[in-house]
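Predicted, not measured: the structure shown is a model, and the values here were computed from it. Every chain is numbered from 1 and lettered A, B, ... according to where its sequence line falls, protein lines coming before strand lines.
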Number of protein chains: 2
Amino acid sequence: MTSPTRPPRADSVRNRELLLQAAEAEFAEHGAEASIADIAARAGVAKGTVFRHFASKEELIAALVTGHMATLTEGAAGFLDDPDPGLALLGFLTLAADQRQQHDVNFLLTASAANPEVARLRDELFGHIESLVARARDAGAIRADITATDVFLLTCAPVHVTEFLENPPPDLWRRYLGIIFDGMRPEGASPLAMPAPKWP
Amino acid sequence: MTSPTRPPRADSVRNRELLLQAAEAEFAEHGAEASIADIAARAGVAKGTVFRHFASKEELIAALVTGHMATLTEGAAGFLDDPDPGLALLGFLTLAADQRQQHDVNFLLTASAANPEVARLRDELFGHIESLVARARDAGAIRADITATDVFLLTCAPVHVTEFLENPPPDLWRRYLGIIFDGMRPEGASPLAMPAPKWP
DNA sequence: ACACAAACTGACCCATCGGTCAACTTGATA
DNA sequence: TATCAAGTTGACCGATGGGTCAGTTTGTGT
């Protein structure tokens with residue numbers, strides 16, 4: 001019962017890919033205010049072509065975020081059956097920060113939070129984080145009062161703090177991930193002033 | 001040898017103050033893209049008046065940031081001779097996060113980093129942080145490998161992480177400040193992957 | 001009260017941006 | 001190779017934003 005739709009043309013799929021790459025580069029350079037015209041020029045196509053592939057700028061952003069979110073969700077799944085629960089959680093945080101460092105989409109997240117596909121992936125990722133945190137907590141690798149929401153919120157912090165420097169070393173986030181993860185460890189933990197927030 | 005300049009008119013200084021308040025509110029609501037027209041309307045003046053007081057939007061932002069930066073620098077100075085070096089550093093971090101929570105100027109910082117007055121205040125603040133960190137380190141309140149640059153960069157993190165929630169409880173940052181500060185404590189500290197960055 | 005400079009006003013200018021569309025190309029199919 | 005829908009193009013549109021300025025109002029020193 002599939003409608004007899006033609007397969008997409010070869011140049012079309014190529015242009016779509018070029019546009020996503022160009023958009024990523026432009027957003028990285030100029031932030032969320034990067035213009036559609038610049039993105040089109042960088043991809044070597046006309047502005048109208050952008051809107052043939054993505055109905056609006058929001059949808060283009062959502063397509064970018066969806067790709068990265070899917071990659072990260074998949075990566076998180078790979079840690080779910082790691083034999084060492086503590087290293088599994090740290091490994092996920094490292095993976096997440098590394099990806100954020102290479103493709104800074106933090107500022108695009110809010111712009112695409114309303115997108116249903118992004119929301120679905122986000123919830124799926126959150127589910128994996130819940131498993132990772134539960135196992136790490138049961139193993140005594142992290143303190144008992146840390147929740148999955150805490151980890152989710154803290155994921156971007158290591159990269160974020162480095163952005164106050166003009167030319168941060170590309171691996172500097174590892175330093176701050178180390179500090180923050182030490183703060184999650186049971187050793188020397190002091191009581192927290194506020195309860196963990198609910199998700200979302 | 002002072003030139004015989006008149007004192008400013010009463011309505012002028014009042015309008016300048018109204019504009020700063022309106023700008024703060026508009027930036028808080030709409031981010032850095034808040035428009036000059038909206039700011040002027042909120043302050044109850046015409047658009048041209050904005051440019052009489054501030055040569056450009058950048059300068060308006062710089063004036064706002066200068067005010068908050070001066071407040072924070074002054075606050076930091078108040079902790080310099082606190083008898084407990086650990087509590088002094090924690091007190092400063094608490095003050096800084098509290099101020100960031102009430103007046104979110106993080107996203108305006110980059111827009112005003114080039115301003116010489118902002119740079120001067122930033123350096124003065126950094127000097128105070130250096131004193132606070134040195135005393136806390138000597139007292140054994142924080143681990144030996146934490147530098148003033150680390151503290152400076154981490155200052156905004158507690159508030160930042162809460163911003164991924166739509167309606168974060170206003171004091172939620174205290175939870176993440178607790179976690180991050182625990183990560184700075186000597187107890188259970190693990191070696192850091194990267195050396196501390198130079199300032200700036 | 002007067003005079004004047006400082007301050008205010010809002011219409012206007014120009015650049016930019018997201019998005020549209022009618023005309024034109026082109027890749028796949030038969 | 002003929003055909004045509006799918007894809008591309010770039011001029012165009014309306015909205016919006018930062019910034020200007022000639023004309024007007026107003027606070028203030030005399």
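- Within the 4.0 Å cut-off from OP1 or OP2 of C:dA6, not a single side-chain nitrogen or oxygen of B:Ser12 is found.
- We find that CG of A:Leu19 is positioned 13 Å from P of D:dG7, with the value rounded to whole Å.
- Closest to the side chain of A:Asp11, from the set C:dT20, C:dA28, D:dG7, is D:dG7.
- Residues B:Pro8 and B:Ala32 both approach DNA chain D. Their nearest nucleotides, taken by heavy-atom distance, put B:Ala32 toward the 5′ side.
- Nucleotide C:dC17 holds its P atom 18 Å from the CD atom of A:Glu58, rounded to whole Å.
- The separation between A:Glu59 atom CD and C:dG19 atom C1' is 13 Å, rounded to whole Å.
- Closest approach to the B:Ile36 side chain among D:dT28, C:dG19, D:dG18 is made by D:dG18 (side chain taken as heavy atoms from C-beta onward).
- For B:Leu18 and C:dC8, the CG to P distance is 10 Å, given to the nearest whole Å.
- Here the closest heavy-atom approach between residue A:Arg175 and residue B:Met194 is recorded as NH1-O, 2.8 Å.
- Separating the CG atom of A:Leu60 from the C1' atom of C:dG19 is a distance of 13 Å, rounded to the nearest angstrom.
- Within the structure, every side-chain polar atom (N or O) of A:His53 is placed at least 4.0 Å from both OP1 and OP2 of D:dG7.
- The residue A:Val50 sits apart from the nucleic acid: no heavy atom pair falls under 4.0 Å.
- Closest to the A:Ala46 side chain, of the nucleotides D:dT8, D:dG10, C:dC8, is D:dG10.
- The residue among B:Ala10 and A:Val45 whose nearest nucleotide of DNA chain D lies closer to the 5′ end is A:Val45.
- Not a single donor-acceptor contact under 3.5 angstrom links the side-chain atoms of A:Lys57 to the base of C:dG19.
- If you check D:dT8, D:dA6, C:dA5 against the side chain of B:Arg9, the one that comes closest is C:dA5.
- Among the atoms of the strands shown, none is found under 4.0 Å from any heavy atom of B:Ala41.
- Using a 4.0 Å heavy-atom distance criterion, B:Thr49 is classed as a base contact.
- Residue A:Pro7 has its side chain nearest to C:dT29 when only C:dC8, C:dT29, D:dT9 are considered.
- If you check every strand for non-hydrogen atoms under 4.0 Å, B:Ala40 touches nothing.
- A:Lys47 has its NZ atom 21 Å from the P atom of D:dG7, to the nearest Å.
- At the heavy-atom level, A:Ser35 lies under 4.0 Å from the strands shown only through sugar-phosphate atoms.
- Across all non-hydrogen atoms, the minimal contact from A:Thr49 to A:Leu19 is O-CD1, 4.2 Å.
- Residues B:Asp150 and B:Pro197 share a closest heavy-atom pair of OD1-CD, 4.1 Å.
- Regarding A:Phe51, its CZ atom lies at a distance of 17 Å from the C1' atom of C:dA22, rounded to whole Å.
- If you take CZ of A:Arg14 and P of D:dT8, they are 8 Å apart, rounded to a whole angstrom.
- Using cut-offs of 30° and 60° for the angle between ring planes, the B:Phe126 and B:Phe152 rings count as perpendicular.
- Between A:Ser131 and A:Leu80, the shortest heavy-atom contact is CB-CD2, 3.7 Å.
- Dense packing is recorded around CD of B:Glu59, with more than 12 heavy atoms of other residues, nucleotides or ligands lying under 6.0 Å away.
- Between A:Asn15 and the phosphate of D:dT8, there is a side-chain N or O to OP1/OP2 separation shorter than 4.0 Å.
- The side chain of A:Arg52 approaches D:dG7 more closely than any other nucleotide in the set D:dG19, D:dG7, C:dT9.
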